[in-house]
Undergrad: 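I'd like to ask some things about the structure below.
Hydrogens, waters and symmetry mates play no part in the numbers below; they use all other heavy atoms, side chains included. On a predicted model such as this, the values are computed, not experimentally measured, just so you know.
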Amino acid sequence: MKRKHYVSVKDYYSRSESRVGYKLLLGDTRHFGYYNSNDSQWHFTDALLRMEDLLIRRLQAKSSDHILDAGCGFGHVAKHVAQATDAHVIGIDLISENIHSAESEPFPKSSVTPEFIVMDYSETSFPDQLF
């Protein structure tokens, strides 16, 4: 039985206005950006990449690490992290269309390709201590 939050989240991200808004404004990325003090609030792309780069630096991931991107959307962050770290990255999302998009977009050659799975991040089937 699906919980209320599952249905609410899936409905929000599946709405055409949400999909169009994220596509036009944020290039399908759905996370916060990191802005420098002199940045325009409209420089989304730079701020989003800056946040991802900060995440990658702070993770200090090694190629032997497993990283979970819970709520991965179209997989942009998972792909960026995998390419930068060579860690095993798994992206999960409630919306099957997001996972399909993540899997079908071309990925630059890397020693590791992220894995994408339709899954509720509040009820995963991963073994304890994997990530």
Side-chain angles (χ1 to χ4, degrees):
M1 181 169 82
K2 295 181 182 177
R3 292 183 303 256
K4 184 179 178 182
H5 82 276
Y6 176 92
V7 174
S8 297
V9 169
K10 189 169 180 176
D11 285 349
Y12 171 79
Y13 285 108
S14 296
R15 288 186 200 138
S16 58
E17 63 268 22
S18 293
R19 295 180 88 69
V20 169
Y22 283 111
K23 178 95 172 157
L24 293 176
L25 291 175
L26 301 175
D28 282 335
T29 301
R30 298 173 179 155
H31 63 80
F32 292 103
Y34 184 77
Y35 291 84
N36 289 322
S37 59
N38 59 344
D39 282 348
S40 164
Q41 63 184 355
W42 299 103
H43 289 164
F44 300 122
T45 303
D46 293 341
L48 293 170
L49 288 173
R50 194 176 297 118
M51 180 59 84
E52 293 171 20
D53 289 338
L54 177 64
L55 168 72
I56 290 165
R57 285 193 307 274
R58 291 204 175 161
L59 279 174
Q60 298 181 353
K62 302 176 291 302
S63 61
S64 60
D65 290 335
H66 287 75
I67 298 171
L68 176 65
D69 184 355
C72 68
F74 295 135
H76 297 141
V77 176
K79 291 174 183 180
H80 190 175
V81 171
Q83 186 175 25
T85 65
D86 283 337
H88 183 85
V89 179
I90 299 175
I92 62 173
D93 200 279
L94 293 171
I95 303 170
S96 59
E97 293 85 4
N98 290 352
I99 296 299
H100 177 71
S101 292
E103 292 174 329
S104 63
E105 282 186 18
F107 181 69
K109 291 190 180 198
S110 175
S111 61
V112 176
T113 301
E115 180 181 354
F116 295 103
I117 305 168
V118 177
M119 187 182 297
D120 181 344
Y121 60 76
S122 68
E123 292 184 10
T124 70
S125 57
F126 300 113
D128 290 345
Q129 307 299 317
L130 177 61
F131 302 103

Undergrad: Can you tell me how far CD1 of Ile95 sits from NE2 of His100, rounded to the nearest 0.5 angstrom?
TA: 14.5 Å

Undergrad: Working to the nearest 0.5 Å, report the span between OG1 of Thr113 and NE2 of His88.
TA: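 So the OG1 of Thr113 and the NE2 of His88 are separated by 10.0 Å.
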
Undergrad: Hey, are the side chains of Thr85 and Leu59 touching, using non-hydrogen atoms and a 4.5 Å cut-off?
TA: no

Undergrad: I need the His76 NE2 to Asp69 CG distance, nearest 0.5 Å.
TA: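 It comes to 11.5 Å.
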
Undergrad: Ignoring hydrogens, what is the shortest heavy-atom contact between His66 and Leu130? Give both atom names and the distance.
TA: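 The answer is CB-O, 3.3 Å.
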
Undergrad: Between His80 and Asp53, is the side-chain contact (heavy atoms from CB on, under 4.5 Å) condition met? List the steps.
TA: CA-CA 9 Å; His80 190 175; Asp53 289 338; 3.1 Å; yes

Undergrad: Over all heavy atoms of both residues, which pair between Pro114 and Ala78 is shortest? Give the atoms and the distance, please.
TA: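 Between these two residues, the closest heavy atoms are CG-O, 3.8 Å.
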
Undergrad: Starting from the C-alpha separation in whole Å, work towards a yes-or-no answer on salt bridge (Lys or Arg N to Asp or Glu O under 4.0 Å) for Asp65 and Lys62.
TA: CA-CA 5 Å; Asp65 290 335; Lys62 302 176 291 302; 3.7 Å; yes

Undergrad: Looking at Ala82 and Val112, what are the two nearest heavy atoms and their distance?
TA: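 Between these two residues, the closest heavy atoms are CB-O, 4.2 Å.
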
Undergrad: Nearest 0.5 Å, what's the CG-CE distance between Leu94 and Met119?
TA: 10.5 Å

Undergrad: Give the ring-plane orientation class for Phe131 versus Phe126, where under 30° counts as parallel, over 60° as perpendicular and anything between as tilted.
TA: perpendicular

Undergrad: Could you tell me whether the side chain of Phe116 reaches within less than 4.5 Å of the side chain of Lys79, counting heavy atoms only?
TA: yes

Undergrad: So which heavy atom on Phe74 is nearest to which on Ser101, and how close?
TA: CD2-CB, 3.3 Å

Undergrad: Which atom names give the shortest non-hydrogen contact between Asp93 and Gly71, and what distance separates them?
TA: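 That would be OD2-C, 3.5 Å.
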
Undergrad: To the nearest 0.5 Å, how far apart are CD1 in Ile92 and CD1 in Ile99?
TA: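 Between atom CD1 of Ile92 and atom CD1 of Ile99 there are 8.0 Å.
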
Undergrad: Please round to the nearest 0.5 Å and tell me the distance separating atom CD of Glu52 and atom CZ of Arg57.
TA: 12.0 Å

